[in-house]
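First listed ligand is number 1; within each ligand, the first listed atom is number 1.
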Amino acid sequence: MSIKYDDSNLLSSFRQKNLNKFRPKTIESLNLLIKRNGEGNEFLGWLDLPNQKIDELSDLIKVGNEIKNSNNLLVCIGIGGSYLGAKAVISTLKPKNNIRFIGHHLSPLELTQLIDELNEKDFYVNVISKSGTTTEPGIAFRIIREFAEKKYGEKRAINRIIATTDAKKGALKKLADQKGYRKFVIPSNVGGRFSVLTPVGLLPIIAAGLDINSLLNGAKIGLKNSMILNDEKNIAIRYASNRSILYSIKKKIEILASMDPQIHYIAEWWKQLYGESEGKNGNGIFPTSVDFTTDLHSLGQMIQDGERNIFETFLVIDNYSNDIKIPFDNKNLDGLNYLSGKKLSSVNSKAYEGILNAHIDGDVPCSTFHIEKLDEENIMELLVIFEVGVALSAYNLGVNPFDQPGVEAYKNNMFELLGKPKNK
Ligand code: PA5
């Protein structure tokens, strides 16, 4: 187990009666998940994904490798769960990469810049939408498709476009069938935000050159450990139960705090996972995130001294693959020679300790996830712990973790405002 969770600071401040209430409640929630008889159980396909066999993924691996070996860019078009999992894994593990993400907003600025880049470089396109009807990726795909057809000709463009969508329904499925694009299916029993281990996440991850064997290993470890019906041994139970206790004592905002901007998109993925799963029926902890030490110089004051309705969960990397020493300077005009010879990682680690202690002193309940080092196995173990954690936490709250009626509301409003014909 390479993910560790240090909640000692929380436990020492919790009342025993809270622990006595929420630990057993969380174990009950885990039982609902294990027996698959809780609310939303038609969307539990994500629990099977860590145990997929590599041979079952051979088509996906073939296409992913074709893209990787071509040295082309891959333009991934998708929003929400159809983009954040791949973005989180790839940007964390391979920040310099051949994948471009678009279709997750409506701003023309990024899309026009991407088109400039695509004028210079060859590219494949992976359009990803479970419903096949979401406006943002739909528009981006129409623009990129037209560009690809102009650049490569309509026939050659077909082989460069891959659609990842529902097996049976949606405009994207219809379009892909008619055009003859290669297709991958998003299982109907897996919701968008739980889909990183389906073709939604795996195709871009393989195309970026990451190792999916290790990724699946990490997922298996994360899942196995998260299914243990023992609150001491199971991080997902402890994390979910701590969240429920904190919410019950009016801590309504959770800040996921990282010390490394490279893992920024893990937090973006986590925000979607927790926000969409829990924010229902007037309930839910508001998930937000900060990158330290950057955000100490903006939100630090509020965290230290603002309204005491927040708690903080740190994400800390214990070992770095790249590090740098602070040099000695004869003149020492900046007064920093007291740090010379130290590695930047050790200064970052002291910063973490300093922040943690200051925030605990400022009455912010804090706990920490430790990632032993950044690799496929550890990142996927962490993501699976968070997935199980949110299911437990939402069941504790009494809400269905697996639907997102609020997201559908905005989509429907937008369709109406844009005058979308009713039957499309
Ligand atoms: O988690 C979810 O279900 C949502 O965030 C969706 O992933 C998001 O709205 C995109 O939907 P679609 O894949 O249907 O385009």
Quiz item: Out of I79, I77, T134, V127, whose heavy atom is nearest to atom 15 (O) of ligand 1?
Solution: T134
Self-check item: Check: S226 main-chain N/O paired with N234 side-chain donor or acceptor under 3.5 Å
Solution: yes
Quiz prompt | Cation over ring face, K252 and Y247, 6.0 Å, 45° | solution = yes
Exercise. Give a yes or no answer on whether the side chain of K130 reaches the backbone of V190 with a donor-acceptor pair at less than 3.5 Å.
Key: yes
Exercise. List the atom of K373, the atom of I317, and the distance in Å for their closest heavy-atom pair.
Key: CA-CG2, 4.4 Å
Quiz item: Purely on distance, is any nitrogen or oxygen of G81 under 3.5 Å from one on ligand 1?
Solution: yes
Quiz prompt | Minimum-distance protein heavy atom relative to atom 2 (C) of ligand 1 | solution = E276 OE1, 3.3 Å
Practice problem: Return yes if a side-chain donor-acceptor contact under 3.5 Å exists between D260 and S258, otherwise no. | Solution: no
Practice problem: Using a strict cut-off of 4.0 Å, indicate which atoms of ligand 1 neighbour a heavy atom of Q404. | Solution: 3 (O)
Practice problem: Can you pull out the closest protein heavy atom to atom 9 (O) of ligand 1? Residue, atom name and distance to 0.1 Å, please. | Solution: K411 NZ, 3.0 Å
Self-check item: S82: numbered ligand 1 atoms lying under 4.0 Å from its heavy atoms
Solution: 7 (O), 12 (P), 13 (O)
Quiz item: Which heavy atom of the protein is the closest neighbour of atom 5 (O) of ligand 1, given with residue, atom name and distance?
Solution: Q272 NE2, 2.6 Å
Quiz item: At a 4.0 Å threshold, what atoms of ligand 1 neighbour a non-hydrogen atom of S131?
Solution: 12 (P), 14 (O), 15 (O)
Quiz prompt | Geometric cation-pi criterion K87 and Y265, 6.0 Å radius, 45° cone | solution = yes
